[in-house]
Asker: 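Got a structure here, written out as structure tokens. Questions coming.
Starting from 1, each residue takes its place in the sequence as its number. Just so it is clear, the structure is predicted and the values come from calculations on it, not from any experiment.
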Amino acid sequence: MPYTRSLAVLLAAPCLAFAPATVRAEAPSPLKQEAVADVDARAGMVQQMVDTVFSYAEPGFQEFRTSEYLTGILEKNGFKITRGVAGIPTAWTATWGEGGPLIALGSDIDCLLGLSQVPGSPQIKPLVEGAPGHGEGHNAGMPLMIAAALAAKDVMTKHGIKGRIMLWPGVAEELLGSKAYYVRAGVFDGVDASIFTHVSSGFGTGYGDLGLNGMVSVEYSFKGKTAHAAGDPWDGRSALDAVEIMDTAWNFRREHLPVTQRSHYVITNGGNQPNIVPSDASVWYYFRDKNFAAIRNLYETGNTISKAAAMATGTTVTHRILGYAAPTFANKPLALAADKNIRAVGMPQWSAADQTFAKAVQQANGLKQEPLSSTVTPLSTPETRGGRGFGASDDIGDVMWTVPTITVMFPSNIPGSIPHNVTSAMAMATPIAHKGAVAGAKAVAMTVLDLMTTPKLVSEAKAYFGGVQQEADTYDPVITAEDKPAIDLNGKLMKTLRPQMEPYYYDAAKYPSYLDQLGVAYPSGEQAQ
């Protein structure tokens with residue numbers, strides 16, 4: 001259903017409105033202060049984790065070193081690790097506790113292709129030319145969650161509080177490649193509430209339809225017949241012709257698609273050389289829209305057009321789903337609880353050096369001049385968003401339609417930095433990233449304690465999920481039992497690049513920070529020769 005109906009449902013359901021003014025029970029303040037102190041005591045650990053994951057810079061489905069490192073830390077701290085969940089080698093869960101509610105804590109761990117960057121440098125400067133890099137800041141989220149989980153665990157153990165914590169990584173989020181498969185595999189069965197984190201320059205959360213599109217990622221592969229392009233082309237059947245006809249047909253069809261849709265493609269295989277009629281060619285599409293029915297309609301339209309292109313060229317076609325993301329819908333009671341804790345924590349205390357570096361990044365890259373914020377972000381609501389859509393997608397939506405879930409945005413990056421761009425990597429192994437992750441860990445740990453000690457909060461979150469959210473739409477992913485995670489993606493690339501990247505892995509035993517290891521002066525960004 002469109003966003004306007006979702007908003008109408010929220011406004012027309014006073015019995016489930018959960019107005020922000022509602023007085024809600026929460027964990028006792030002394031327990032929260034203990035968790036905050038615990039996180040502060042782990043600030044050095046957070047810095048090491050943030051810097052280490054940044055240095056590994058592993059793209060989707062290749063997060064082997066990252067997962068080994070993070071699960072090793074959790075295992076040493078008493079968590080039970082289950083590896084290879086949902087048939088994904090780099091996916092895992094880490095669980096601790098007994099009795100009480102089960103709270104899931106997740107964040108993404110993958111990076112993006114071609115965005116290698118020297119941290120602390122305001123100039124574009126790859127560590128390894130052409131290598132992947134954390135140009136979305138995913139290196140900070142799971143360190144945040146680990147610090148939060150350990151702090152909550154310590155408080156719960158000390159005070160005999162029953163409850164269970166499950167950490168899990170967003171694998172291949174940039175490919176929308178894992179979370180729908182986690183849901184299908186039952187990873188969230190029995191989970192009472194879920195908190196997710198994502199890097200930002202702000203610090204806040206929200207509820208309701210967040211305005212992110214759902215999406216299906218699908219590759220169409222055409223099979224034809226090769227021939228000599230100059231000698232006897234009539235004997236061939238060009239798979240590339242089929243790709244081009246499909247793309248042309250799709251572009252004509254756009255005029256007659258809903259204005260809410262967004263779709264884009266790249267030709268992933270166009271043949272080998274011009275004088276050979278291509279027998280194999282493929283094109284990779286992203287189909288995005290606001291609700292489940294619209295996404296399915298785009299997907300089925302693409303399938304139909306691909307078959308028509310095959311018929312027109314005498315070729316055959318198959319398609320493979322490479323990723324899926326549901327539209328996002330966050331839980332109101334959880335968001336209200338988290339928002340209160342975020343405001344209690346407040347923004348990090350930025351130093352003059354932090355502000356100087358942020359300004360240098362903005363100036364060097366033509367970004368809007370804006371200092372690191374000193375105030376938390378207002379709670380995002382359907383009313384404040386006013387039906388605004390954001391176009392992009394995040395497969396946390398699949399978790400949101402499975403269990404009550406929120407996303408906490410934490411302040412580890414620079415205002416104006418461009419998502420999926422090297423500018424978003426420049427601060428992600430600097431004190432800005434470290435301080436933001438520590439602040440986020442405090443808010444998450446406090447919210448976990450709220451859930452563990454307040455049955456009312458859990459029941460209200462479930463009531464909103466089963467009432468307001470389920471009235472807005474129904475979870476209906478296009479993946480089937482036959483579809484499998486695309487775990488082969490990026491494998492060949494990393495076999496080539498990993499040996500070049502390994503000399504730049506962070507050695508926390510030798511260097512107090514990754515900037516020290518690289519010889520980068522902060523905040524100037526100058527690098528020792």
Asker: Is the ring centre of Phe410 less than 6.0 Å from the ring centre of Phe203?
Answerer: no
Asker: So that I can tick it off, tell me whether Lys179 and Asp108 are bridged by a salt bridge, with the cut-off set at under 4.0 angstrom between side-chain N and carboxylate O.
Answerer: yes
Asker: side-chain contact (heavy atoms from CB on, under 4.5 Å) between Phe61 and Ile487: does it pass, once the steps are laid out?
Answerer: CA-CA 5 Å; Phe61 294 116; Ile487 60 176; 3.9 Å; yes
Asker: Is Ser424 reaching over with its side chain to a backbone N or O of His420, donor-acceptor style, under 3.5 angstrom?
Answerer: no
Asker: Quick one, Asn213 with Ser393, criterion side chain to side chain donor-acceptor pair (under 3.5 Å). Give me CA distance, side-chain angles, the key distance, then yes/no.
Answerer: CA-CA 5 Å; Asn213 282 331; Ser393 307; 5.5 Å; no
Asker: Check for a donor-acceptor pair, side chain of Thr402 on one end and backbone N or O of Val183 on the other, with a separation under 3.5 Å.
Answerer: no
Asker: Any side-chain heavy atom of Thr405 within less than 4.5 Å of one from Ile195?
Answerer: no
Asker: Verify the neighbour count for atom CD of Gln349: are there more than 12 heavy atoms of other residues, nucleotides or ligands below 6.0 Å?
Answerer: no
Asker: Report yes if the side chains of Phe79 and Leu150 come closer than 4.5 Å at any heavy-atom pair, otherwise no.
Answerer: yes
Asker: With no hydrogens and no angle check, do the side chains of Ser380 and Arg385 hold a donor and an acceptor under 3.5 Å apart?
Answerer: yes
Asker: Measure from the side-chain N and O atoms of Asp473 to the backbone N and O of Gln469, and report whether any donor-acceptor pair falls under 3.5 Å.
Answerer: no
Asker: Going from CD1 on Ile165 to OG1 on Thr93, what distance comes out if it is rounded to the nearest 0.5 angstrom?
Answerer: 13.5 Å
Asker: Keeping Ser116 on the side-chain end and Val128 on the backbone end, is there a donor-acceptor pair under 3.5 Å?
Answerer: yes
Asker: Is there side-chain contact between Met428 and Val199, with at least one heavy-atom pair below 4.5 Å?
Answerer: yes
Asker: Could you check whether any side-chain heavy atom of Ile103 comes within less than 4.5 Å of a side-chain heavy atom of Val191, counting everything from C-beta outward?
Answerer: no
Asker: Is there a side-chain contact between Pro415 and Leu372 (heavy atoms, below 4.5 Å)?
Answerer: yes
Asker: For Lys125, is the NZ atom crowded, meaning more than 12 foreign heavy atoms sit under 6.0 Å from it?
Answerer: yes
Asker: For Ser201 and Asn413, does a side-chain donor sit closer than 3.5 Å to a side-chain acceptor?
Answerer: no
Asker: Do Trp350 and Phe357 pass the ring pair (Phe, Tyr, Trp, His ring centres under 6.0 Å) test, and can you show the C-alpha distance, the side-chain angles, and the key distance before you say yes or no?
Answerer: CA-CA 11 Å; Trp350 307 118; Phe357 179 69; over 10 Å; no
Asker: Is any NZ, NE, NH1 or NH2 atom of the basic residue among Lys442 and Asp38 found under 4.0 Å from an Asp or Glu carboxylate oxygen of the other?
Answerer: no
Asker: Between the main-chain N or O of Leu367 and the side-chain N or O of Asn365, is there a donor-acceptor pair closer than 3.5 Å?
Answerer: no
Asker: Any side-chain donor-acceptor pair under 3.5 Å between Ser67 and Thr90?
Answerer: no
Asker: Calculate, to the nearest 0.5 Å, the distance between atoms CG and CE belonging to Leu212 and Met400 respectively.
Answerer: 8.0 Å
Asker: Is it true that Glu98 and Lys162 make a salt bridge, defined as a side-chain N closer than 4.0 Å to a carboxylate O?
Answerer: yes
Asker: Below 4.5 Å, heavy atoms only, C-beta onward: do Tyr207 and Leu334 meet side chain to side chain?
Answerer: no
Asker: For Leu451 and Asp192, what are the C-alpha separation, side-chain angles and deciding distance, and is it a side-chain contact (heavy atoms from CB on, under 4.5 Å)?
Answerer: CA-CA 9 Å; Leu451 288 160; Asp192 292 289; over 6 Å; no
Asker: For the pair Thr430 (side chain) and Ala427 (backbone), establish whether a donor and an acceptor sit closer than 3.5 Å, ignoring hydrogens and angles.
Answerer: yes
Asker: Assess, by modelled atom type and distance only, whether the side chains of Gln117 and His134 contain a donor and an acceptor separated by less than 3.5 Å.
Answerer: no
Asker: Could you measure the distance from the CG atom of Asp507 to the CD atom of Gln517? Nearest 0.5 Å is fine.
Answerer: 6.0 Å
Asker: Classify the ring geometry of Tyr182 against Phe188: parallel below 30°, tilted from 30° to 60°, perpendicular beyond 60°.
Answerer: tilted
Asker: Using distance only, find each side-chain donor-acceptor pair of residues 518-526 under 3.5 Å and give its atom names and separation, not counting sequence neighbours.
Answerer:
{"unit_1": "Tyr522", "atom_1": "OH", "unit_2": "Asp354", "atom_2": "OD1", "d": "2.7"}
{"unit_1": "Ser524", "atom_1": "OG", "unit_2": "Glu526", "atom_2": "N", "d": "3.2"}

Asker: Is Lys153 paired with Glu34 through a side-chain N to carboxylate O contact shorter than 4.0 Å?
Answerer: no
Asker: Counting N and O atoms only, with roles assigned by atom type, does the side chain of Asp110 sit under 3.5 Å from a partner on the main chain of Pro59, one being a donor and the other an acceptor?
Answerer: no
Asker: Determine, stepwise, if the pair His198 / Asp394 fulfils side chain to side chain donor-acceptor pair (under 3.5 Å).
Answerer: CA-CA 10 Å; His198 197 282; Asp394 189 327; 4.7 Å; no
Asker: Go through the side-chain N and O atoms of Asp398 and Tyr475 and say whether any donor and acceptor fall under 3.5 Å apart.
Answerer: yes
Asker: Is it true that Asp339 and Arg343 make a salt bridge, defined as a side-chain N closer than 4.0 Å to a carboxylate O?
Answerer: yes
Asker: Nearest 0.5 Å, please: how far is CD in Glu26 from NZ in Lys32?
Answerer: 3.5 Å
Asker: Got a donor-acceptor contact below 3.5 angstrom from the Thr423 side chain to the Ser417 backbone?
Answerer: no
Asker: Nearest 0.5 Å please: distance from the CE atom of Met426 over to the CD atom of Gln362.
Answerer: 11.5 Å
Asker: Is it the case that Thr384 and Thr381 place a side-chain donor and acceptor less than 3.5 Å from each other?
Answerer: yes
Asker: Any sub-3.5 Å donor-acceptor pair from Gln47's side-chain atoms to Pro512's backbone N or O?
Answerer: yes
Asker: How about Phe465 and Trp401: are their ring centres within less than 6.0 Å of each other?
Answerer: no
Asker: Could you check whether any side-chain heavy atom of Glu173 comes within less than 4.5 Å of a side-chain heavy atom of Ser178, counting everything from C-beta outward?
Answerer: no
Asker: Working note: His159 + Leu31, criterion side-chain contact (heavy atoms from CB on, under 4.5 Å); need CA distance, chi angles, decisive distance, verdict.
Answerer: CA-CA 9 Å; His159 295 279; Leu31 297 185; 3.4 Å; yes
Asker: Verify salt bridge (charged side-chain N to carboxylate O under 4.0 Å, His left out) between Arg83 and Glu75, making sure each step is shown before the conclusion.
Answerer: CA-CA 12 Å; Arg83 295 177 172 85; Glu75 204 160 27; 3.4 Å; yes
Asker: Between Arg498 and Glu58, does any side-chain N to carboxylate O distance fall below 4.0 Å?
Answerer: yes
Asker: Side chains of Trp92 and Thr71: is there a donor and an acceptor less than 3.5 Å apart?
Answerer: no
Asker: Out of curiosity, Met142 CE to Thr197 OG1, how far, rounded to the nearest 0.5 Å?
Answerer: 7.0 Å
Asker: Could you check whether the rings of Tyr505 and Tyr56 sit parallel, tilted or perpendicular, using 30° and 60° as the cut-offs?
Answerer: perpendicular
Asker: Given side-chain contact (heavy atoms from CB on, under 4.5 Å), test Tyr514 with Tyr504 step by step and report yes or no.
Answerer: CA-CA 9 Å; Tyr514 196 37; Tyr504 295 97; 3.8 Å; yes
Asker: I'd like to check His138 versus Val53 (side-chain heavy atoms, cut-off strictly below 4.5 Å). Are they in contact?
Answerer: no
Asker: Between Ser459 (side chain) and Lys456 (backbone), is there a donor-acceptor pair under 3.5 Å?
Answerer: yes
Asker: Applying side chain to side chain donor-acceptor pair (under 3.5 Å) to Asp516 and Ser513, what does each step give before you reach the verdict?
Answerer: CA-CA 5 Å; Asp516 288 307; Ser513 75; 2.8 Å; yes
Asker: Given side chain to side chain donor-acceptor pair (under 3.5 Å), test Gln123 with Ser121 step by step and report yes or no.
Answerer: CA-CA 5 Å; Gln123 309 293 333; Ser121 170; over 6 Å; no
